Amino acid sequence: MTEVDLRSEIREFLSSRRARITPEQAGLPAYGGNRRVKGLRREEVAMLAGVSVDYYVRMERGSLAGASESVLDALASALQLDEAERDHLFALARESGTGSRRRKKTAPANVRPVLQQVLDAITDAPAWIRNGRHDVLAMNQLARALYSPVLADPRRPANTTRFVYLQPEAAEEFFVDYDQIARDAAAMLRLEAGRNPHDKALVELVGELSTRSELFRQRWASQDVRFHRSGRKRLHHPVVGQLDLDFEAMELPSEPGLQLNIYTAAAGTPTADALKLLASWAASQDQLPTESAVATTN
């Protein structure tokens, strides 16, 4: 496969969202005690969205081409989609309409030197840049020290989702909330696949993870999608112990498809002190694995 099967993506996404909503949740009467379908029936979704049953059936079979914004809005409301799911629906509709006639510009494989300068200027917080496939493209020194367990694998570019699913023992030790991290990682990849189904490297990554990880197959089959913008991340670092970090993830307008991630801790907290200790430890190391190559130690 060189691209995502859009019709299958649309079909599975819409049917999975329909299956999770009961008539009661949708404000509909549930006639009869023996419903043969899980969740809403197609005709109930059509009624809630204000479209014909035939039209909705065509959409759920994978045809979103030509659907207007108002119809998509109505469908999103009927299925009670959250912000990320709504974004995913609209992305699938856009790609369904353009098909193979348009290829989204691929995000750069390397960052410009000035962006590395920006990262290096951030000295008190781990900061790094990734693409939509979760490839680690550039880091500052504190991020290299923080993510040293991820960078221990010699494969480059390092990929955080590959680490989560293909090195589960190390990932469970590193990520305190491993189950949530695993769910989020697959959901973010699913969101990226809807936005850029022609990304061959993304399709290959999903194929590799699906082949080698039963957990990833389960998470991928859920059809869940999720944004990764801000929040709390709890890590257990092999040198400084547990870190309770706040993170902010920001798109880079000058480099579409790339995202800057910064981890911080409130002043005076144990985590802030641990970050200072981690910075001192990193400065004492002759060589640390980097995002571009694995250093060999003496």
Side-chain angles (χ1 to χ4, degrees), residues 1 3-20 59 62 64 67 69 72-73 75-77 79-98 102-107 128-137 157 159-165 175 177 179-210 213 215-231 233 247-253 255-261:
M1 289 180 62
E3 59 186 55
V4 172
D5 183 343
L6 277 173
R7 293 187 69 88
S8 294
E9 285 291 302
I10 294 166
R11 180 174 63 251
E12 293 170 10
F13 178 66
L14 291 180
S15 62
S16 68
R17 301 308 92 170
R18 174 169 62 85
R20 70 181 181 178
M59 287 194 289
L64 288 177
E69 184 173 331
L72 294 173
D73 272 328
L75 180 57
S77 296
L79 294 174
Q80 301 180 15
L81 303 186
D82 63 20
E83 185 182 1
E85 291 168 331
R86 184 181 290 260
D87 183 279
H88 188 54
L89 175 65
F90 274 74
L92 291 173
R94 286 193 301 273
E95 294 299 331
S96 181
T98 58
R102 181 176 66 88
R103 292 292 187 269
K104 188 175 181 179
K105 184 179 179 181
T106 303
W128 54 290
I129 294 172
R130 70 163 177 85
N131 60 22
R133 297 186 298 272
H134 303 173
D135 292 332
V136 178
L137 302 182
N159 183 283
T160 54
T161 301
R162 188 180 286 116
F163 173 73
V164 166
Y165 282 105
F175 293 111
D177 303 304
D179 289 342
Q180 185 62 51
I181 293 293
R183 282 193 294 270
D184 289 349
M188 288 186 285
L189 274 191
R190 172 73 73 179
L191 193 65
E192 178 68 14
R195 293 172 175 172
N196 196 5
H198 309 297
D199 185 340
K200 183 178 179 181
L202 174 60
V203 175
E204 290 174 350
L205 174 62
V206 172
E208 177 189 5
L209 296 173
S210 298
S213 171
L215 179 60
F216 180 80
R217 288 195 293 273
Q218 294 172 6
R219 296 285 185 256
W220 190 253
S222 73
Q223 294 289 322
D224 290 337
V225 292
R226 188 164 288 113
F227 288 132
H228 186 260
R229 293 171 171 170
S230 64
K233 188 157 292 187
F247 74 85
E248 293 292 329
M250 295 159 276
E251 301 290 337
L252 294 174
E255 298 287 358
L258 299 188
Q259 187 177 83
L260 171 64
N261 296 273

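These numbers come from a predicted model, not from an experiment.
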Do the side chains of M188 and T161 get nearer than 4.5 Å, heavy atoms only? no
List in chain and number order the residues that pass side-chain hydrogen bond (donor to acceptor under 3.5 Å, both in side chains) with D82, two or more places apart in sequence or in another chain; answer none if no residue qualifies. none
Between E192 and L202, which heavy-atom pair has the shortest distance, and what is it? CG-CD2, 3.7 Å
Quick check: does any side chain N or O of R130 sit under 3.5 Å from a backbone N or O of L260, one acting as donor and the other as acceptor? no
By side chain to side chain contact (heavy atoms under 4.5 Å, CB included), D135 pairs with (sequence neighbours left out) N131, R133, L137, P157, N159
Nearest heavy atoms of Y165 and L215, plus distance in Å: CE2-CG, 3.7 Å
Contact check, side chains of L252 and Q259, non-hydrogen atoms, under 4.5 Å: no
Side-chain touch L64/L89, heavy atoms, less than 4.5 angstrom: yes
Who pairs with R11 by salt bridge (charged side-chain N to carboxylate O under 4.0 Å, His left out), at least two apart in sequence or on another chain? none
With side chains defined as the heavy atoms from C-beta onward, is the minimum distance between F90 and L81 less than 4.5 Å? no
Using side-chain heavy atoms (C-beta onward) and a distance below 4.5 Å, is R195 in contact with D87? yes
Quick check: do I10 and M59 have side-chain heavy atoms less than 4.5 Å from each other? no
Sole residue of R17, R183, R219 in salt bridge (charged side-chain N to carboxylate O under 4.0 Å, His left out) with D224: R17
Run E208 and R162 through salt bridge (charged side-chain N to carboxylate O under 4.0 Å, His left out) and show every step you take. CA-CA 9 Å; E208 177 189 5; R162 188 180 286 116; 3.3 Å; yes
In short, G132 meets L189 closest at the heavy-atom pair O-CD2, 3.8 Å
Any side-chain heavy-atom pair of L205 and D199 under 4.5 Å: no
Residues R20, E85; criterion salt bridge (charged side-chain N to carboxylate O under 4.0 Å, His left out); working and verdict: CA-CA 13 Å; R20 70 181 181 178; E85 291 168 331; 2.7 Å; yes
Could you tell me which non-hydrogen atom of V206 sits nearest to which non-hydrogen atom of F216, and how far apart they are? O-CE2, 3.8 Å
Under the side chain to side chain contact (heavy atoms under 4.5 Å, CB included) test, residues paired with I181 that sit two or more places apart: V164, F175, K233
Under the rule for salt bridge (charged side-chain N to carboxylate O under 4.0 Å, His left out), what residues qualify as partners of R226, not counting sequence neighbours? D184
Nearest atoms (heavy-atom pairs only) where G194 meets E95: O-CG, 3.6 Å
I'd like to check the side chain to side chain contact (heavy atoms under 4.5 Å, CB included) partners of E12; sequence neighbours left out, ordered by chain and number. S8, Q223
State which residues pass ring pair (Phe, Tyr, Trp, His ring centres under 6.0 Å) with H134; sequence neighbours excluded, sorted by chain then number. none
Report yes if some heavy atom in the side chain of S96 is under 4.5 Å from a heavy atom in the side chain of E9; otherwise report no. no
Straight-line distance of M250 CE to S230 OG, nearest 0.5 Å: 10.0 Å
Identify, with sequence neighbours excluded, every residue that meets salt bridge (charged side-chain N to carboxylate O under 4.0 Å, His left out) alongside R217. E214
Given D73 and R86, is the side-chain contact (heavy atoms from CB on, under 4.5 Å) satisfied, shown in steps? CA-CA 8 Å; D73 272 328; R86 184 181 290 260; 2.8 Å; yes
Ring pair (Phe, Tyr, Trp, His ring centres under 6.0 Å) partners for F163, two or more places apart: none
The side chain to side chain contact (heavy atoms under 4.5 Å, CB included) partners of E83 (sequence neighbours excluded) come to F227, R229
Applying ring pair (Phe, Tyr, Trp, His ring centres under 6.0 Å), can you list everything that pairs with F247, at least two apart in sequence or on another chain? H228
Residue pair E248, N261: steps toward the side-chain contact (heavy atoms from CB on, under 4.5 Å) verdict: CA-CA 6 Å; E248 293 292 329; N261 296 273; over 6 Å; no
Residues in salt bridge (charged side-chain N to carboxylate O under 4.0 Å, His left out) contact with D179, at least two apart in sequence or another chain: none
